[in-house]
Amino acid sequence: MGIYTVRLKDRQQIAEGTMAYFLDKPDGFAFAGGQSIDLTLINPPETDAEGDKRSFSIASAPHEPWIMVATRQRDTAFKRVLRSMAFGSELQIEGPFGSMTLHRKVSRPAVILAGGIGITPFRSMLLQAAQAGTGHRILLFYSNRRPEDAAFLGELQELAQRNSTFALIPTMTDLSQSKIAWTGERGYINKEMLTKFVDDLREPIYYTAGPPALVAAVKEMLGEAGVDEDEINSEDFVGY
């Protein structure tokens, strides 16, 4: 863990209302998929009561040549500054933090339940596992309102096509405002959806991230299904 000064390299819209920011990767900065950093603005032109620092999951994989974070574009001073900042501007990062990383026992599958921007740590985790050829069987249930809101969806679909040990189950909860035809799963992630793809719900190690209400509902559902709470790794995303 350390403190580094980095520069903004690029920004891209990756879903409706969602931006990805690409930062220089400092020499010697090492992390594992699922970890996070604190990002601090340096002498920003505006600030507000929420401050100049945010915690972000690292969305890039360890082998990629940059650090990438992604966030919903709420109207706060921090995000207005980040959205308008000139490329090459300096920021400060601290980290990495967190222990929500892929378990080592390959014989046990991983089941990931992500909602919205909660996908960010799992993009990193999945790409790391694929690049390293760990052999883990991984199932990702990914919930969004519409395909337009689903960050990294196309990339994850391609990863699932290339990797026989990874299965992607995206589900949409409100297609009324979508302009994209959808033939996949619909509705919220629940026990009935899980049992369509997981034979024994007590066998996998679970990972979940997203809004607190989603994470709480997932943990309650898994607990009622007999899953030990020690085998549920979770992270709440607040204010994104």
Side-chain angles (χ1 to χ4, degrees), residues 1-2 4 6 8-15 18-39 54-72 91 93-104 106 109-144 150-163 165-170 204-211 214-215 232-237 240:
M1 186 179 69
Y4 308 87
V6 299
L8 177 66
K9 295 170 60 72
D10 196 9
R11 66 172 68 86
Q12 296 176 10
Q13 183 170 333
I14 54 171
T18 303
M19 295 292 295
Y21 296 91
F22 297 79
L23 312 171
D24 287 326
K25 182 191 284 186
D27 291 339
F29 183 82
F31 67 97
Q35 291 191 297
S36 63
I37 55 171
D38 286 345
L39 177 65
R54 296 288 190 281
S55 294
F56 290 102
S57 292
I58 304 171
S60 50
H63 61 275
E64 292 182 303
W66 52 73
I67 296 172
M68 186 247 288
V69 299
T71 183
R72 299 292 195 204
L91 305 99
I93 65 169
E94 183 176 359
F97 303 105
S99 58
M100 193 178 68
T101 55
L102 188 61
H103 60 277
R104 295 184 179 181
V106 177
V111 172
I112 300 171
L113 304 104
I117 198 62
I119 192 62
T120 50
F122 303 125
R123 178 192 182 273
S124 180
M125 186 184 293
L126 288 163
L127 265 63
Q128 182 179 24
Q131 193 269 345
T134 64
H136 289 80
R137 174 64 176 163
I138 305 176
L139 290 83
L140 168 61
F141 294 82
Y142 183 23
S143 174
N144 286 274
F152 309 118
L153 180 59
E155 181 182 26
L156 292 168
Q157 290 170 329
E158 292 178 6
L159 183 64
Q161 291 174 355
R162 298 195 311 267
N163 189 340
T165 62
F166 169 50
L168 172 67
I169 304 97
I205 302 293
Y206 290 88
Y207 303 82
T208 184
L214 179 142
V215 172
I232 306 172
N233 303 276
S234 66
E235 185 174 338
D236 290 348
F237 279 33
Y240 286 83

Sequence-distant partners of P109, side-chain contact (heavy atoms from CB on, under 4.5 Å), two or more places apart: R137, E203, P204

Sequence-distant partners of L23, side-chain contact (heavy atoms from CB on, under 4.5 Å), two or more places apart: V6, L8, L39, I67, L91, I93

Flag side-chain contact, heavy atom, 4.5 Å: T208 against L214: yes

Validation row: T71, R54 side chains within 4.5 angstrom (heavy atoms): no

Under 3.5 Å: donor-acceptor pair, side chain of S124, backbone of S60: yes

Salt bridge (charged side-chain N to carboxylate O under 4.0 Å, His left out) against E158, all qualifying residues, sequence neighbours excluded: none

CD1-CG distance between I169 and L156, expressed to the nearest 0.5 angstrom: 11.5 Å

Pairs touching residues 24-38 that satisfy side chain to side chain donor-acceptor pair (under 3.5 Å), sequence neighbours left out: D38-S55

Over all atoms of both residues, closest heavy-atom pair of A114 and F122: CB-CD1, 3.8 Å

Heavy-atom closest pair, residues T101 and A32: CG2-CB, 3.7 Å

Minimum-distance pair of heavy atoms, taken over all atoms of R72 and I117: NH2-N, 3.7 Å

Y207 and H103 aromatic ring geometry - parallel, tilted or perpendicular at 30°/60° bounds: parallel

Close side-chain approach of L140 to I119, heavy-atom, < 4.5 Å: yes

Any side-chain heavy-atom pair of S234 and Y206 under 4.5 Å: no

With A59 via side-chain contact (heavy atoms from CB on, under 4.5 Å) - residues at least two apart: M68, T120, F152

Non-hydrogen atoms of A151 and T18 that approach each other most closely: CB-CG2, 4.4 Å

Closest non-hydrogen atom pair between L153 and P170, with its separation: CD1-CB, 4.0 Å

For Q128, all residues meeting side chain to side chain donor-acceptor pair (under 3.5 Å), sequence neighbours excluded: none

Test item: T165 and H136 side chains (from C-beta on) under 4.5 Å apart, heavy atoms: no

Distance-minimising heavy-atom pair for Y4 and P26: CD2-CB, 3.5 Å

Validation row: N163, I138 side chains within 4.5 angstrom (heavy atoms): no

From F166 atom CZ to L126 atom CG, the distance as rounded to the nearest 0.5 Å: 4.5 Å

Spatial distance of atom CD1 (I205) from atom CG (L102) [nearest 0.5 Å]: 10.0 Å

